[in-house]
Amino acid sequence: MDASPERPRRAGGPVLVRRQPPAAPGLRETLKARLRRSCTCSVREFWARVQDLLPATRWLPAYRPREDLAGDVMSGLVIGIILVPQAFAYSLLAGLQPIYSLYTSFFANLIYFLMGTSRHVSVGVFSLLCLMVGQVVDRELLLAGFGPAQDGPGPRGNSSTLDAEAGGQGCGRDCHAVRVATALTLVAGLYQVLMGILRLGFVSAYLSQPLLDGFAMGASVTILTSQLKHLLGVQVPRHQGPGMVVSTWLSLLRSVPQANLCDVLTSAVCLAVLLATKELSDRCRHRLKMPLPGELLVIVLATLVSHLGQLHERFGSSVAGDIPTGFMAPRVPDPGLMWRVALDALPLALVGSAFSVSLAEMFARSHGYSVRANQELLAVGCCNVLPAFFHCFATSAALAKSLVKTATGCRTQLSSVVSAAVVLLVLLALAPLFRALQRSVLACVIVVSLRGALRKARDVPQLWRLSPADALVWVATAATCVLVSTEAGLLAGVLLSLLSLAGRTQRPRAVLLARIRGSGFYEDTAEFEGLVPEPGVQVFRFAGPLYYANKDFFLRSLYSLTGLDVEREAARRKEQAPEAGVSKGDPVGGKDQDPESSRAALVPTAAGFHALVIDCAPLLFLDAAGLATLRTLRQDYAALGVALLLACCSPSVRDALRRSGFLGEDQGDAEEEGQLFHSVHDAVQAARARRREQAPADSTL
């Protein structure tokens, strides 16, 4: 297949090409080149790296106020209005006071504004992460001797001293809770930053969408269960360990007679108003310039009613309590607690990274720009690492707020600064006004926010029709989250996803092909009718890689479809060879034996075919076991006088065959040209031509 560049090309004639082998530099030269690039840095390269680390320094100088400012301000105000009630509500999930949720929302928006590559993602408190943080906080509170977490009817200050002696070091329940949360957040953020530095952004791709949807469903059921005690106004301990949801439901059923009538009525009214507002916003979203601020209106009105009606004093309704203003002094997270929660931080980091990267890529595709997954990991990690010193807990991107941000005209991440300004206003002046806000109202906000995740259960039948394996991953992940724990659900989902992927490659589809009449194309004989089989030639397709886990399935499928167990037949022929007059020194197959000598030495083949063509187009890769399988297969077929031909091999497969010794070491040699073909039809024609050439010799013999 050599084609010299000086050879003139004939008009209309074929153009011969030859693959240029890549020049493989040695390991020493590669390391030296990388080290040289890492150690040399000009001013321009330094500034480019700063812009890569802080993308805002690249797009902010080119900001267009006339085109973008109005949309950014509008979306920033709307998100800020949504963040305030969500911060109050999600603090219940995390087991912390509302002030820490406000801190988290403020710092996360500012940091992502500087470091994020997505223009539309909204980063802040996220219900799933709040639940995971709350579970660790409750466990550590029990281990510290504070007793089961119960929500009493009264307000609780942010510097509780009731359990100071139990907590030690003069730190009460709320103080110890935030210390646990910040330690957990710092470790999770360090994991995410390390993933970004090591370029592990691709890891989030292994958390498939069915897995994430099933995890969101299971976690939503867990969140809903944890909020029922606030809706009913009863005191129920927050259970830990496997079966937490079932145990909580049993405790709730036993506590129903002690339900607070005021909280029950408040919850019913707030749920009705919030659900009606959500449905109205969904149906009229094309007519409304911005979604209806139902959560904010409900919280403001409920606070006024609770304050004027003195619901806490008269009916014992549980309220938010004192919320201080301003910022607390920064504090370094406790290293001892960081070691204790290091394992708990790993699923927290994975879930936050997966949701953040997947949402960033989703919005980037829909709006025609690109994001960098590794930079997103750095951004989300820094949104956890730096705020951990300022009494904040774990954050990530959230789908609901990101959709609202896009719908209200967001153009850049400048809208995050506007949202942070709204939260800052509440932090500095408005937070104490919500002292009388009932916790049942906050629970209603959380429950209504789960509506989208709970609705995903309706997609399971369609998912089953599309892919039963993905549906199984969805159901198993959700069920494990509910029946065991959220961490176990995530682990089960990952393991099932990997097993599903391994199962699909371990038992891929294997078929025989035949030619479409009047063409050079070949299709599955079991799926299509009217195909023309080639006499004496079998065409086999294995729709997957050939490696150690599926080599036996490859051989079983081949033997079953062709009707010949070549391994047993070759062994039987070898035993019969001495009786046919073959000496001990004669070869009975192998790479160096030609077909003519094998046919002369052995009895005629009973295979029913003289050539086997393997369609290697779906063959993604070959490992050592797969290469050994092909070598053994060629030897066994050669012992029976059957030629083994390979068609449509990719360059990587050809290189693997050449390195293993299956082919000659040089490209384009006679052995490679006789065994590799660019199409199945070329291989079949070559087998027919060889058969015609060998027929006179066989008749002479």
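Owing to the predicted nature of the structure, the values given are computational and were not obtained by experimental measurement. Reckoned from all heavy atoms, side chains included, excluding hydrogens, waters and symmetry mates.
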Whether [X] side chain and [Y] backbone form a donor-acceptor pair below 3.5 Å:
X	Y	value
Glu376	Thr117	yes
Thr57	Leu54	yes
Gln227	Cys444	no
Gln192	Ala379	no
Tyr191	Leu350	no
Asn384	Thr185	no
Ser419	Gly76	yes
Arg365	Ala360	no
Gln413	Gly116	no
Ser356	Ala397	yes

Between atom [atom1] of [X] and atom [atom2] of [Y], what is the distance when rounded to the nearest 0.5 Å?
X	Y	atom1	atom2	value
Leu93	Ser101	CG	OG	9.0 Å
Lys278	Ser449	NZ	OG	8.0 Å
Leu231	Leu271	CG	CG	6.0 Å
His176	Leu143	NE2	CG	8.0 Å
Tyr112	Cys382	OH	SG	12.0 Å
Leu96	Ser91	CG	OG	7.5 Å

Check: Do we get Arg119 above Phe363's six-membered ring, with its NZ or CZ under 6.0 Å from the centre and within 45° of the axis?
Finding: no
With a 4.5 Å cut-off on side-chain heavy atoms, are [Y] and [X] touching?
X	Y	result
Thr303	Leu433	no
Val245	Leu483	no
Cys481	Phe215	yes
Gln135	Thr222	yes
Arg331	Arg179	yes
Leu490	Thr477	no
Val319	Phe434	no
Leu414	Asp68	no

message = Using the rule given for side-chain contact (heavy atoms from CB on, under 4.5 Å), can you reason through Ile446 versus Leu442, listing the C-alpha separation, both sets of side-chain angles and the distance that settles it, and then say yes or no?
response = CA-CA 6 Å; Ile446 294 175; Leu442 298 178; 5.5 Å; no
- Val73 and Leu69: CA distance, side-chain angles, deciding distance, side-chain contact (heavy atoms from CB on, under 4.5 Å) verdict: CA-CA 6 Å; Val73 171; Leu69 185 59; 3.9 Å; yes
Exceeds 12 heavy-atom contacts within 6.0 angstrom, atom [atom1] of [X]:
X	atom1	result
Arg455	CZ	yes
Leu343	CG	no
Trp59	CH2	yes

* Residue pair Phe107, Leu386: steps toward the side-chain contact (heavy atoms from CB on, under 4.5 Å) verdict -> CA-CA 8 Å; Phe107 285 107; Leu386 300 179; over 6 Å; no
From the list Phe390, Phe106, Tyr100, ring pair (Phe, Tyr, Trp, His ring centres under 6.0 Å) partner of Phe327 resolves to Phe106
Heavy-atom pair of closest approach, residues [X] and [Y]:
X	Y	answer
Ala216	Ser220	O-OG, 2.5 Å
Ala476	Leu496	CB-CD1, 3.1 Å
Ala354	Leu212	CB-CD2, 4.1 Å
Ile99	Pro324	CD1-O, 3.3 Å
Ala420	Leu110	CB-CD2, 3.8 Å
Pro347	Glu487	CG-CG, 3.8 Å

Might you work through the side-chain contact (heavy atoms from CB on, under 4.5 Å) test for Leu228 and Trp249, ending with a clear yes or no? CA-CA 9 Å; Leu228 289 177; Trp249 273 97; 3.4 Å; yes
(message) With side-chain hydrogen bond (donor to acceptor under 3.5 Å, both in side chains) as the criterion, how do Ser416 and Lys405 come out once you've worked through the C-alpha distance, each side chain's angles and the decisive distance to 0.1 Å?
(response) CA-CA 10 Å; Ser416 298; Lys405 197 172 185 178; 3.1 Å; yes
Inset, instruction - Report the C-alpha distance between Asp72 and Tyr63 in whole Å, list the side-chain angles of each, state the deciding distance to 0.1 Å, and finish with yes or no for side-chain hydrogen bond (donor to acceptor under 3.5 Å, both in side chains). - result: CA-CA 11 Å; Asp72 287 340; Tyr63 186 77; 2.7 Å; yes
Report the relative orientation of the aromatic rings in Tyr369 and His367; use parallel for angles under 30°, tilted for 30 to 60°, perpendicular for over 60°. tilted
Taking the six-membered ring for Trp, are Phe126 and Phe355 parallel (under 30°), tilted (30 to 60°) or perpendicular (over 60°)?
perpendicular
Do the charged groups of Arg340 and Asp334 touch, with an N to O distance under 4.0 Å?
no
message: Less than 6.0 angstrom separating the ring centers of Tyr103 and Phe393, yes or no?
response: no
